[in-house]
Amino acid sequence: MNPAATHRQELEFHAFSETLALCQEVAARFNEPARLIRVHRFPDGESLVRVESRGPSRAVVMRSLDDPNSKLVELLFAADALRRHGVDELILVAPYLAYMRQDRAFREGEAVSQQVVAAALGAAFDRVITVDAHLHRIARLAEVFPCEARSVSAADTLGEWCEKAGHDLVVGPDEESLSLARAVAERAGRPFVVCSKSRSGDREVKVSLPSLHTPTRSALIVDDIGSSGVTLEAVAHALRAAGVEVIDAAVVHALFREDALDRLRDAGVASLVSSDSVAHPTNRISLAPLLADALRQPLGAEG
Ligand code: R5P
């Protein structure tokens with residue numbers, strides 16, 4: 001990367017089709033258009049990626065890595081295509097960054113996916129920005145990425161939404177959700193509790209809700225990820241058993257599968273909202289302001 005490029009303000013924005021709307025919102029904050037990265041799928045499943053660039057510049061590529069396997073490969077191709085156009089500072093904005101949970105080999109013979117993905121993305125991009133990366137045993141992305149890497153929190157953005165919604169209580173499903181639940185609750189000026197959770201399989205979860213000491217008519221469950229939905233479902237059952245009448249849920253990353261939304265409705269979740277990190281019918285909360293702010297941070301300013 002040419003160091004002089006870090007001082008230039010112009011950014012060129014590129015996005016894959018499923019992230020184009022969010023990218024347009026972010027790019028508009030820089031008075032720039034968002035350019036579509038075109039993907040052709042051959043009959044054998046290979047992808048051909050094509051970009052249109054005005055040449056040497058700083059460029060942002062935006063793509064969330066839900067359903068990550070083919071998306072990762074296409075991202076690396078997009079980075080290659082932009083480098084060939086002469087782009088000299090390449091920034092990946094991946095609102096949802098996959099494979100961050102497998103940060104060690106839990107059983108003999110397993111790959112450490114987090115390190116593999118960090119190495120591949122870090123080699124292709126100069127800087128990586130994501131939202132609420134799901135980190136366990138490392139505190140910061142910088143510990144595994146060979147390039148600048150930063151996870152920004154959507155807690156304030158969710159908290160702003162939560163403040164308007166006006167629930168009596170914010171509920172985090174497990175100890176890992178503590179910092180998100182606390183930050184959302186503080187921003188919204190609400191009390192919060194955090195459950196304890198044990199997971200015995202992809203779809204087997206038990207949740208224990210602490211005693212509610214104040215009258216609680218309505219509660220908002222907040223979590224970073226919703227996937228199978230069983231975590232939110234278990235918390236909803238616990239809240240109903242505790243007499244809570246109105247139960248809603250908000251997640252940052254809506255990775256919901258198959259029957260998750262039906263199951264949540266059956267469990268008594270009246271409404272479910274998500275940020276637009278991953279395009280989903282529940283998207284109500286825009287991350288565009290947060291991502292634009294993160295992009296305005298100069299290189300080296302992030303931890
Ligand atoms: C786990 O620690 C995460 O914060 C989420 O609670 C989890 O990924 C949700 O997954 P699921 O919807 O499959 O229960």
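Whatever order the structure lists them in is the order used to number ligands and atoms, beginning at 1. Note that this is a predicted model, so its numbers are computed, not measured.
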* Structure fact -> Filtering S227, A260, A234 for the heavy atom nearest atom 12 (O) of ligand 1 leaves S227
* Structure fact -> Nearest heavy atom to atom 9 (C) of ligand 1, choosing from V252, I225, D202, D224, belongs to I225
Quick one: does [X] get within less than 4.0 Å of ligand 1, heavy atoms only?
| X | result |
| --- | --- |
| R203 | no |
| R101 | yes |
| G229 | yes |
| V205 | no |
| P173 | no |
| K197 | yes |

* Asked: Should we count CG of D202 as having more than 12 external heavy atoms under 6.0 Å?
  ->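 Counting other residues, nucleotides and ligands, CG of D202 stays at 12 neighbours or fewer.
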* Under a 4.0 Å N-O cut-off, is there an ion pair linking E110 with R107? -> yes
* Asked: If you measure from the Lys or Arg side-chain nitrogens to the Asp or Glu carboxylate oxygens, is any gap between R217 and D168 under 4.0 Å?
  -> no
Could you check [atom] against the protein and tell me its nearest heavy-atom contact, residue, atom and distance included?
| atom | value |
| --- | --- |
| atom 1 (C) of ligand 1 | H134 CE1, 3.5 Å |
| atom 10 (O) of ligand 1 | R199 NH2, 3.3 Å |
| atom 2 (O) of ligand 1 | E176 OE1, 2.6 Å |
| atom 13 (O) of ligand 1 | S228 OG, 2.6 Å |
| atom 6 (O) of ligand 1 | D223 OD2, 2.6 Å |

* **Exercise: do H167 and D248 side chains pair donor with acceptor under 3.5 Å** =>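 On atom types as modelled, these side chains qualify, holding a pair under 3.5 Å.
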Measure the shortest side-chain to side-chain distance between [X] and [Y] over non-hydrogen atoms and say whether it is less than 4.5 angstrom.
| X | Y | value |
| --- | --- | --- |
| L11 | E89 | no |
| C195 | S208 | no |
| P95 | V93 | yes |

* Structure fact -> d(K71 NZ, L65 CG) to nearest 0.5 Å is 7.5 Å
* Please name the residue in the list Q114, E176, R101 that meets the side chain to side chain donor-acceptor pair (under 3.5 Å) test with H136. =>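 Of Q114, E176, R101, side chain to side chain donor-acceptor pair (under 3.5 Å) with H136 is met by E176 alone.
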